[in-house]
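Beneath this line is the structure, given in structure tokens, with notes to follow.
Heavy-atom basis, side chains included; hydrogens, waters and symmetry copies ignored. Quick caveat: nothing in here was measured; it's all calculated off a predicted structure. FYI, the numbering just counts along the sequence from 1.
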Amino acid sequence: MPFDTIIRGGTIATAADTFACDIAIRDGRIVALGHDLGAAETIIDARDRLVLPGGIDSHVHFAQPSGDGIVMADGFATGTRSAAFGGNTTVLPFCLQQKGQTLREALRNYHAQADGECHVDVAFHLIVTDPTDQVLGQELPALVQDGYTSLKVFMTYEGMALSDRELLETMAVARETGAVLMVHAENFDAIRFLTDRLERAGNTAPRFHATSRPIPVEREATHRAISLSELVDVPIMIVHVSNRGAMEEIRRAQQRGLNVMGETCPQYLVLTEKDLDQLNMEGSKYVCSPPPRDVDSQKACWEGLQQNVFSVFSSDHCPFRYDDPHGKLAPKGRTSFRWVPNGIPGVATRLPILFSEGVVKGRIDLNAFVALTATNHAKIYGLYPRKGTIAVGSDADIALWDPKRKVTIRHDLVHDGSDYTPYEGLEVTGWPVLTMVRGRVVVDDGVLVGAKGHGTYLQRTRPPARPDSAQR
């Protein structure tokens with residue numbers, strides 16, 4: 001019986017190996033690897049191309065409630081479309097539980113927004129903001145059993161920050177159920193203290209966002225999150241690490257044998273706090289938390305990637321329009337950085353930035369790139385080996401790359417719902433030229449060819465009890 005598709009003549013890279021062979025696909029899965037595989041309805045010529053597992057971005061925000069009068073720029077249709085243009089085949093956005101809301105109610109609403117809208121596959125993390133006895137004792141264990149096997153907690157933000165006791169109680173449930181716990185580590189009281197002082201002094205421009213969240217704010221919270229997780233003996237993922245102090249806290253924990261993982265993002269490799277210091281409100285385009293830091297912090301984040309302190313590289317795509325009263329130019333945001341919508345877009349640019357700055361410039365090798373952008377995400381979050389690799393039996397989630405194509409990043413290349421990219425003008429070498437989700441081509445040479453709705457929701461398994469299977 002002929003195959004549906006054969007990808008012929010490319011160089012395949014996984015987290016472990018790089019080799020030349022063809023890929024045969026049938027019914028959305030990889031069914032053979034080798035040479036002279038025979039006939040297929042479709043032949044894709046991959047000569048002079050890298051054939052990589054489709055990217056998995058395990059830290060994106062779509063259609064998330066963002067405060068009074070503020071509207072996130074991407075729902076599932078535009079967010080997953082942008083992901084596909086960036087060589088991604090799976091994304092994991094966050095389902096936010098608002099205060100007084102049950103987790104199941106939040107999930108029903110989130111599924112309703114995603115159903116029939118996605119260009120790539122999706123799975124949901126749960127954000128726990130109201131850890132009541134019912135949530136921790138009944139809802140959360142049942143939902144983990146149902147395949148919602150990761151959750152996120154915040155140590156900052158009004159209405160979202162958990163107390164240390166609430167963190168411990170939530171960590172205990174994660175340990176009992178085998179869920180992965182993600183932590184946004186910034187000290188809420190310190191941020192409020194610094195913000196109040198800055199505002200009293202009249203320092204309200206966007207650049208003071210970075211001043212209000214200095215490195216010690218993140219370093220202290222990272223240390224505290226690790227200490228609390230040690231008390232409970234639960235694996236944790238410290239997300240969007242931006243600086244040396246926080247990175248070294250994670251490294252020390254790992255050296256002591258603790259189950260602590262780390263994540264960093266493109267903004268901490270190529271942006272700095274100077275990007276926030278621009279005329280008028282232009283600096284608000286770069287307002288995110290933690291904020292971009294300095295050149296030494298960039299070097300530290302590269303060390304974290306090179307030395308396997310960080311297991312994953314994600315975008316933290318959190319998009320708002322700039323020239324929009326419901327986005328970065330919200331009326332309250334003009335009065336103080338405190339009210340500027342917090343987050344930047346980046347799901348489409350994550351992979352090209354790491355490929356160009358990492359692989360092309362010799363900071364990491366191609367196999368590490370695959371591990372950091374696909375394989376480790378799948379292993380940690382319960383999707384492996386269905387996702388995150390090129391192997392017989394895995395989903396045919398594949399990105400073809402032109403490793404020599406030079407591209408200047410512009411907003412019109414990313415196809416999201418925002419009206420800018422913080423990486424405008426950045427020159428990169430290497431670009432995804434074809435994205436395939438479960439055997440179906442979604443983006444081909446800069447053109448959307450897949451239909452909305454092909455992407456599906458993924459029920460996940462519990463990851464290994466310890467994250468040793470990730471490439472660290």
Side-chain angles (χ1 to χ4, degrees), residues 2-15 18-34 37 39-57 77 79-92 118-123 347-348 350-352 355 366 369-370 373-375 377-378 383-403 405 413-415 430-458:
F3 302 112
D4 298 333
T5 303
I6 291 177
I7 300 174
R8 182 173 290 167
T11 299
I12 297 173
T14 67
T18 304
F19 52 95
C21 79
D22 301 339
I23 302 173
I25 297 163
R26 184 185 295 127
D27 297 330
R29 292 184 178 268
I30 297 169
V31 293
L33 299 171
L37 294 177
E41 294 179 15
T42 301
I43 302 292
I44 295 176
D45 183 0
R47 287 175 296 177
D48 300 321
R49 298 288 183 261
L50 294 176
V51 183
L52 308 182
I56 300 174
D57 195 341
T80 59
R81 179 183 68 194
S82 185
F85 274 95
N88 300 283
T89 53
T90 299
V91 293
L92 282 78
C118 298
H119 293 278
V120 304
D121 289 348
V122 299
V347 69
R350 171 186 72 121
L351 297 178
F355 188 91
L366 183 59
F369 173 82
V370 173
T373 61
T375 309
H377 300 257
L383 291 167
Y384 189 84
R386 180 182 176 186
K387 305 288 188 182
T389 192
I390 294 176
V392 172
S394 297
D395 282 356
D397 288 358
I398 294 168
L400 267 60
W401 282 71
D402 181 344
R405 181 175 293 192
L413 296 177
V414 302
H415 302 276
W431 197 259
V433 295
L434 182 146
T435 304
M436 171 185 286
V437 178
R438 284 178 285 108
R440 186 178 299 177
V441 176
V442 177
V443 173
D444 188 1
D445 202 16
V447 178
L448 182 70
V449 297
K452 183 176 69 174
H454 175 61
T456 190
Y457 175 77
L458 303 169

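A donor-acceptor pair under 3.5 Å links the side-chain atoms of Thr435 to the main chain of Ala84, judged by distance alone. Side-chain atoms of Ser394 never come within 3.5 Å of backbone atoms of Ile390 as a donor-acceptor pair (strictly under, hydrogens ignored).
Nearest heavy-atom pair, Ala83 versus Val91, reported as atom, atom and distance to 0.1 Å: CB-CG1, 3.8 Å. Heavy-atom minimum distance, Ala46 versus Val51: CB-CG2, 4.0 Å. Taking all atoms of both residues into account, the shortest heavy-atom contact from Gly54 to Ala374 is O-CB, 3.6 Å. A pairwise comparison of heavy atoms in Val441 and Val443 identifies CG1-O, 3.7 Å as the closest pair. For Thr18 against Ala13, the heavy-atom pair with the smallest separation is OG1-CB, 4.0 Å.
Here the side chains of Pro403 and Phe355 are in contact, with some heavy-atom distance below 4.5 Å. Between Arg49 and Leu434 there is no side-chain heavy-atom pair separated by less than 4.5 Å. When side chains are defined from C-beta on, Leu366 counts as touching Leu50, because their heavy atoms get closer than 4.5 Å. Counting heavy atoms from C-beta outward, Leu92 and Asp57 have side chains that stay 4.5 Å or more apart. Using a 4.5 Å cut-off on side-chain heavy atoms (C-beta onward), Leu52 and Ile398 make no contact. Between Leu458 and Val122, the closest side-chain pair of non-hydrogen atoms is not below 4.5 Å.
Ion pair Arg29/Asp27 not flagged as a salt bridge, since none of the NZ, NE, NH1 or NH2 atoms sits closer than 4.0 Å to an Asp/Glu carboxylate oxygen. The pair Arg8-Asp45 does not meet the salt-bridge criterion, since no charged nitrogen lies less than 4.0 angstrom from a carboxylate oxygen.
The NZ atom of Lys452 sits 9.5 Å away from atom SG of Cys118, with the distance rounded to the nearest 0.5 Å.
Here Asp4 pairs with nothing under the salt bridge (Lys or Arg N to Asp or Glu O under 4.0 Å) rule; sequence neighbours left out. Legend: residues meeting salt bridge (Lys or Arg N to Asp or Glu O under 4.0 Å) with Arg81, ordered by chain and number and at least two apart, are absent. The ring-ring contact (aromatic ring centres under 6.0 Å, His included) test applied to His415 returns Phe85, not counting sequence neighbours. Not counting sequence neighbours, the partners of Arg438 by the salt bridge (Lys or Arg N to Asp or Glu O under 4.0 Å) test are Asp121. Partners of Asp444 by side chain to side chain donor-acceptor pair (under 3.5 Å), not counting sequence neighbours: none found. Residues passing the side-chain contact (heavy atoms from CB on, under 4.5 Å) test with Ser82, sequence neighbours excluded: Val347, Ala348, Val414, Asp416. Applying the side chain to side chain donor-acceptor pair (under 3.5 Å) rule to Arg26 yields no partners; only residues at least two apart in sequence or on another chain are considered. Listed by chain and residue number, nothing satisfies the side chain to side chain donor-acceptor pair (under 3.5 Å) test with Asp48 (two or more places apart in sequence, or in another chain). For Phe3, there are no ring-ring contact (aromatic ring centres under 6.0 Å, His included) partners two or more places apart in sequence or in a different chain. Shown here are the side-chain contact (heavy atoms from CB on, under 4.5 Å) partners of Pro432, two or more places apart in sequence or in another chain: Pro352, Trp401. In terms of the side chain to side chain donor-acceptor pair (under 3.5 Å) criterion, His119 has no residue partners (sequence neighbours excluded). Scored by the salt bridge (Lys or Arg N to Asp or Glu O under 4.0 Å) test, Arg440 finds no partners at all (sequence neighbours excluded).
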Next item on the list: Kindly determine whether Asp397 and Met436 satisfy side chain to side chain contact (heavy atoms under 4.5 Å, CB included), including the steps that lead there.
Entry: CA-CA 5 Å; Asp397 288 358; Met436 171 185 286; over 6 Å; no
Next item on the list: Could you please spell out the steps behind the side chain to side chain contact (heavy atoms under 4.5 Å, CB included) verdict for Glu41 and Thr5?
Entry: CA-CA 6 Å; Glu41 294 179 15; Thr5 303; over 6 Å; no
Check: Where do Ile23 and Ile12 land on the side chain to side chain contact (heavy atoms under 4.5 Å, CB included) test, with the steps shown first?
Finding: CA-CA 9 Å; Ile23 302 173; Ile12 297 173; 3.6 Å; yes
Notebook entry, point to check: Going through the distances and angles, do Ile25 and Ile6 end up as a side chain to side chain contact (heavy atoms under 4.5 Å, CB included)?
Noted result: CA-CA 6 Å; Ile25 297 163; Ile6 291 177; over 6 Å; no
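Among Ile56, Val120, Thr80, Leu351, the single residue meeting the side-chain contact (heavy atoms from CB on, under 4.5 Å) criterion with Asn88 is Leu351.
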